[in-house]
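Report on the following structure.
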Number of protein chains: 2
Amino acid sequence: MDGIFDQNSIAATERGIRWLGEAGLRPTRQRVALAALLVGDGRNRHATAEGLYAACLACGERVSLATVYNTLRAFCEAGLLQEVTVDATRSYFDTRLDDHPHFYWEDTAELTDAPSEELQIARLPAPPPGTEVARVDVVIRLRRG
Amino acid sequence: MDGIFDQNSIAATERGIRWLGEAGLRPTRQRVALAALLVGDGRNRHATAEGLYAACLACGERVSLATVYNTLRAFCEAGLLQEVTVDATRSYFDTRLDDHPHFYWEDTAELTDAPSEELQIARLPAPPPGTEVARVDVVIRLRRG
DNA sequence: CTATGTGCAAATCTTTTGCAGGCTA
DNA sequence: TAGCCTGCAAAAGATTTGCACATAG
């Protein structure tokens with residue numbers, strides 16, 4: 001399970017459609033359903049393909065797992081999502097697009113945002129000549145104390 | 001390719017055997033071969049299973065890919081290696097055990113150490129109640145400029 | 001000798017792809 | 001209508017597992 005997904009309300013659906021529109025993606029039934037689950041309540045989400053697929057079925061929407069994968073990939077390419085890699089066995093897709101730190105809960109394999117104002121990097125290794133920094137991933141791995 | 005692996009010299013082999021001994025692992029032929037490739041020259045290595053397997057065959061050692069996987073996993077459990085996750089399609093195993101930053105070269109899918117003295121984290125988000133920080137992964141993703 | 005490793009092939013799991021049919025603009 | 005989407009099943013990779021045989025201590 002990936003957290004509590006919002007019910008597929010009218011408001012959530014509209015928000016999803018608007019979100020797709022911003023990226024110039026056609027609002028097909030499946031895309032709208034997935035978009036509503038991802039951004040319907042305006043909160044950030046860290047979804048896995050499998051989890052989103054389950055949530056979609058639970059809402060009574062008919063989608064194939066392959067389409068969920070293809071759609072998530074399409075959303076990434078359109079700049080609507082960001083892929084975060086923390087676990088070799090699973091990809092996470094983040095609705096928040098800026099460079100920010102994550103908490104990774106090792107026991108539940110859950111990924112959540114860490115408060116970015118609490119992260120201050122005073123100095124960062126300089127990128128080697130001929131390269132530039134594309135992104136800095138900071139993952140704080142948590143263990144139950 | 002995962003970098004230049006040291007020739008399977010006597011010195012490298014001995015270093016490998018010592019390394020296994022430290023962790024109380026039996027020095028079987030395959031393990032010694034892999035250990036020599038990993039720590040034979042004393043430098044840090046970021047190996048993938050596939051790459052290590054290829055290097056092993058190139059040295060004329062007979063090993064199966066499954067054994068490489070199982071052995072890398074065993075080395076991790078014994079505390080000889082650390083798994084680093086930066087790419088969802090591949091696992092990297094690092095011979096350096098302390099918490100340090102990495103450069104990830106997006107174009108070649110290569111992983112290298114970033115100079116840890118150049119990373120200064122002034123402030124880190126506090127772990128939520130009931131949890132403690134297991135590790136902080138910092139991955140600087142590089143793009144060819 | 002006995003517990004641990006190893007090899008191989010087959011199984012598993014996540015993700016991608018090919019292609020025929022469906023639906024949006 | 002034309003082209004982009006979707007569904008399904010099959011393919012593709014990476015990694016793990018089961019089991020018989022080999023080997024270190």
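A, B, ... follow the sequence lines: proteins, then strands. Residue 1 opens every chain. Treat the numbers as computed from the prediction; the structure is a model and nothing was measured.
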A:L25 CG to D:dC4 C1': how many Å, rounded? 11 Å
Where each residue is assigned the nucleotide of DNA chain D containing its nearest heavy atom, which of B:T89 and B:A66 is assigned the position nearer the 5′ end? B:T89
Roughly how many Å is it from CZ in B:R90 to P in D:dA14, rounded to a whole number? 7 Å
D:dA24 phosphate, OP1 or OP2, under 4.0 Å from B:R29 side-chain N/O: no
With a 4.0 Å limit, can you tell me whether A:Y69 has a side-chain N or O closer than that to the phosphate oxygens OP1/OP2 of C:dT16? no
With respect to the side chain of A:P27, which nucleotide from C:dT16, D:dT16, C:dT24 is positioned closest? C:dT24
What is the distance, rounded to the nearest whole Å, between atom CZ of B:R62 and atom C1' of C:dG5? 14 Å
Do B:T67 and B:Q30 meet the criterion of a side-chain donor-acceptor pair at a distance under 3.5 Å? no
Closest to the A:S64 side chain, choosing from D:dT16, D:dG7, D:dA9: D:dG7
In this structure, how many angstroms lie between the P atom of C:dG5 and the CG atom of B:L72, rounded? 15 Å
In whole angstroms, how far is the P atom of C:dT24 from the CD atom of A:Q30? 9 Å
Would you say A:R73 places a side-chain N or O within less than 4.0 Å of OP1 or OP2 belonging to C:dT16? yes
Just compare C:dT4, C:dG5, D:dT16 and give me whichever is closest to any side-chain atom of B:R31. C:dG5
Take atom CG of A:D87 and atom P of C:dT15, then tell me their distance rounded to the nearest Å. 9 Å
Whole angstroms only, please: what is the CG-C1' distance between A:L20 and D:dC4? 14 Å
Does the side chain of B:T67 get closer than 4.0 angstrom to OP1 or OP2 of C:dT6 through an N or O atom? no
Sorted by position of nearest nucleotide on DNA chain C, 5' first, the leading residue of B:A88 and B:T71 is B:T71
B:T28 side-chain N/O to C:dT6 phosphate OP1/OP2 under 4.0 Å: yes
Got a salt bridge between A:D137 and B:R141, using NZ or NE/NH1/NH2 to carboxylate O under 4.0 Å? yes
Can you check the B:N70 CG to D:dA22 C1' distance for me, whole Å? 16 Å
Is it true that the side chains of A:T131 and B:W105 contain a donor and an acceptor less than 3.5 Å apart? no
Ion pair present between A:E61 and A:R29, side-chain N to carboxylate O less than 4.0 angstrom? yes
To the nearest 0.5 angstrom, please state how far the OG1 atom of A:T108 sits from the CZ atom of A:R144. 5.5 Å
Does B:S91 make a side-chain N or O approach to OP1 or OP2 of D:dA14 shorter than 4.0 Å? no
